[in-house]
Amino acid sequence: MDLEGRRPVDVLPSRDAEPLADWLRGHPEVEVICRDRAGAYAEGARNGAPQARQVADAWHLLRNLAEAVEKTVGAHHQCIRAAFTTPPAVTESATAPRGTAEPPPEGVSFVPPDGTRDVLGHPRRLVARTTERYTAVQELLSEGKSLAAIGRQLRLDHSTVRRFARAQTLDELLVKATNRASILDEHKPYLHQRWREGCHDIPQLHRELRARGFTGDIQCVCRYFRPFKKPHSPKPKNPPVPAPELRPAPKPRRVVRWIMTNPGHLAENDAAELKEIRAACPHLDATARHVRDFADTMRDLRGEELPAWMDRVLADDLPALHSLVNGMKRDVDAVTAGLSTNWSSGQVEGQVTRAKLLKRMGFGRANLDLLRRRILHSS
């Protein structure tokens, strides 16, 4: 892309370093190369245009930071659950209404599932398998075996072994699997309230949810409550005082979005919950602080402050951010330029989207020559 002319100038046959370097050698007039942080692009630009200034795209830098934040939130999601989950209230005999001998309704002991068990209440196979593999990989690592040897012994792909080896805790691996989004998520607080009030009639709960805009079927509600639904569970005649409401812990992706968003743009409730999370977990508090500092540096184009920011990150116990900083150090000139200039490869992403459309339109017929002509001549 010619970023000044805002048009594509060529289409290369691959994403490797050598084709990019060859093209750049034929265009010595290139002065600035804006790119993402892929190693192949850095090598190709360095070999093909040593005279050009490399600039790491700001959006990709922010995305790399978000990925590190997501890993950190996953590793400390247990702190978030502890902050949001209140132990269920214990109903004492003194609080029971007079003139009734019925036991406390099962709604009082209801605790929302944490995603580690299936609809029958059994441990999920994914959770058990991940736990077993994580334990095995960590034990073999402690014995001094290499990742390749571990992969051969456990018959796992190298990337899978690397992911299990780099994980700081088991929670970091399980957090995505146990916190997947569901169409029932926004209605769960209401369901929890009605269940604790003694309404255990699934069809009735489903009708109420439909009135609130829920689009799922009754089986979705039935599966959610199946581990807690006991046979012959009528609505109590004299329900006790409602137990304190159990707040479901926010999904990791939501916490990441809160941390990555400008505090001035957060909704009041979101800001309050983020403040509560930061108070409960010093690691996430430090992460949020580093994110804000990085965003301010990027907004104000103060790239000269990057070394000090990296030193502050390395001073905290944040392995995922440490990995990000180590990667930035290997590409420090381009990252500093990305935080100091207005160059951006945003228009490149738009052209990539257009190129994908053209590829689909020519499916089964288009080779590289035809695709190149369509991209260059239709711009």
Side-chain angles (χ1 to χ4, degrees), residues 1-68 159 162 294-295 297-310 313-314 320-359 367-369 371-379:
M1 284 288 300
D2 177 359
L3 296 183
E4 291 181 326
R6 305 186 69 83
R7 61 184 181 86
V9 293
D10 210 341
V11 179
L12 303 184
S14 72
R15 301 171 60 184
D16 299 325
E18 196 54 36
L20 174 60
D22 290 342
W23 189 90
L24 288 172
R25 292 188 188 102
H27 296 79
E29 71 278 8
V30 173
E31 299 178 354
V32 176
I33 300 175
C34 188
R35 57 170 176 81
D36 64 24
R37 297 185 56 240
Y41 297 150
E43 180 184 353
R46 184 169 55 250
N47 295 338
Q51 80 285 353
R53 183 186 188 187
Q54 296 190 42
V55 179
D57 178 59
W59 182 87
H60 286 91
L61 289 175
L62 208 56
R63 180 183 179 184
N64 296 151
L65 178 61
E67 291 170 349
S159 60
R162 184 175 62 232
F294 188 86
T297 299
M298 177 180 293
R299 180 195 61 207
D300 299 334
L301 301 180
R302 302 196 306 261
E304 70 279 359
E305 298 180 1
L306 178 64
W309 180 84
M310 293 191 294
V313 171
L314 294 176
L321 289 181
H322 290 183
S323 178
L324 172 69
V325 167
N326 292 333
M328 287 182 172
K329 286 184 176 180
R330 292 191 293 269
D331 200 21
V332 64
D333 291 338
V335 174
T336 301
L339 298 176
S340 306
T341 68
N342 288 316
W343 289 109
S344 167
S345 60
Q347 55 181 297
V348 179
E349 302 300 328
Q351 292 293 339
V352 168
T353 300
R354 187 173 70 90
K356 291 179 179 178
L357 173 63
L358 295 175
K359 286 176 64 177
N367 56 18
L368 178 62
D369 293 337
L371 178 63
R372 180 177 181 274
R373 287 188 176 91
R374 293 199 65 182
I375 291 176
L376 298 181
H377 288 218
S378 62
S379 60

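Every heavy atom of this structure was used, including side-chain atoms; hydrogens, water molecules and symmetry mates were not.
Atom CD of E31 has 12 or fewer neighbouring heavy atoms from other residues, nucleotides or ligands inside a 6.0 Å radius. More than 12 heavy-atom neighbours from other residues, nucleotides or ligands sit within 6.0 angstrom of CZ on R25. Other residues, nucleotides and ligands contribute only 12 or fewer heavy atoms inside 6.0 Å of the CD atom of E4.
Taking both residues in full, the closest heavy atoms of A320 and A68 are given as CB-O, 3.5 Å, listed atom of the first, atom of the second, then distance. Shortest non-hydrogen contact noted between R354 and R374 is NH1-O, 4.2 Å. Heavy-atom minimum distance, R7 versus Q347: N-OE1, 4.3 Å. Across G44 and L24, no two heavy atoms sit closer than the pair O-CD1, 3.8 Å. Residues L376 and P8 approach most closely at CD2-O, 3.7 Å, considering heavy atoms. Here the closest heavy-atom approach between residue A52 and residue V30 is recorded as CB-O, 3.8 Å.
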Step by step, would you call L65 with L324 a side chain to side chain contact (heavy atoms under 4.5 Å, CB included)? CA-CA 7 Å; L65 178 61; L324 172 69; 3.6 Å; yes
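Residues L314 and L321 are not in side-chain contact: their nearest non-hydrogen atoms beyond the backbone lie 4.5 Å or more apart. With a 4.5 Å cut-off on side-chain heavy atoms, R6 and D2 do not count as touching.
By the side chain to side chain contact (heavy atoms under 4.5 Å, CB included) test, L371 is found to be paired with L358, K359, I375, residues two or more places apart in sequence or in another chain being considered. With sequence neighbours left out, E305 forms a side chain to side chain donor-acceptor pair (under 3.5 Å) with R302. Every residue was checked against the side chain to side chain donor-acceptor pair (under 3.5 Å) condition with T297, not counting sequence neighbours, and none meets it. Under the rule for a side chain to side chain donor-acceptor pair (under 3.5 Å), T353 has no partner lying at least two apart in sequence or in another chain. With sequence neighbours excluded, the residues satisfying ring-ring contact (aromatic ring centres under 6.0 Å, His included) with F294 are W309.
Here CG of L61 is found 5.0 Å from CE of M298. Values are rounded to the nearest 0.5 Å. Separating the CG atom in D22 from the NE2 atom in H27 is a distance of 12.0 Å, to the nearest 0.5 Å. The OH atom of Y41 sits 8.0 Å away from atom CG of L20, with the distance rounded to the nearest 0.5 Å. The SG atom of C34 sits 11.0 Å away from the CE atom of M1 when rounded to the nearest 0.5 Å. For the atom pair CZ of R53 and CH2 of W343, the computed distance is 10.5 Å after rounding to the nearest 0.5 Å. Atom-to-atom distance recorded for D57:CG and R63:CZ is 11.0 Å, nearest 0.5 angstrom.
Among residues at least two apart or in separate chains, side chain to side chain donor-acceptor pair (under 3.5 Å) pairs with a member in residues 324-342 are R35-D331.
Electrostatic pairing of E349 and K356 does not count as a salt bridge here, judged by no charged N lying under 4.0 Å from a carboxylate O. Between D10 and R372 there is a salt bridge, with a side-chain nitrogen of the basic residue lying less than 4.0 Å from a carboxylate oxygen of the acidic one.
Distance alone, capped at 3.5 Å, places no donor-acceptor pair between the H60 side chain and the R37 backbone.
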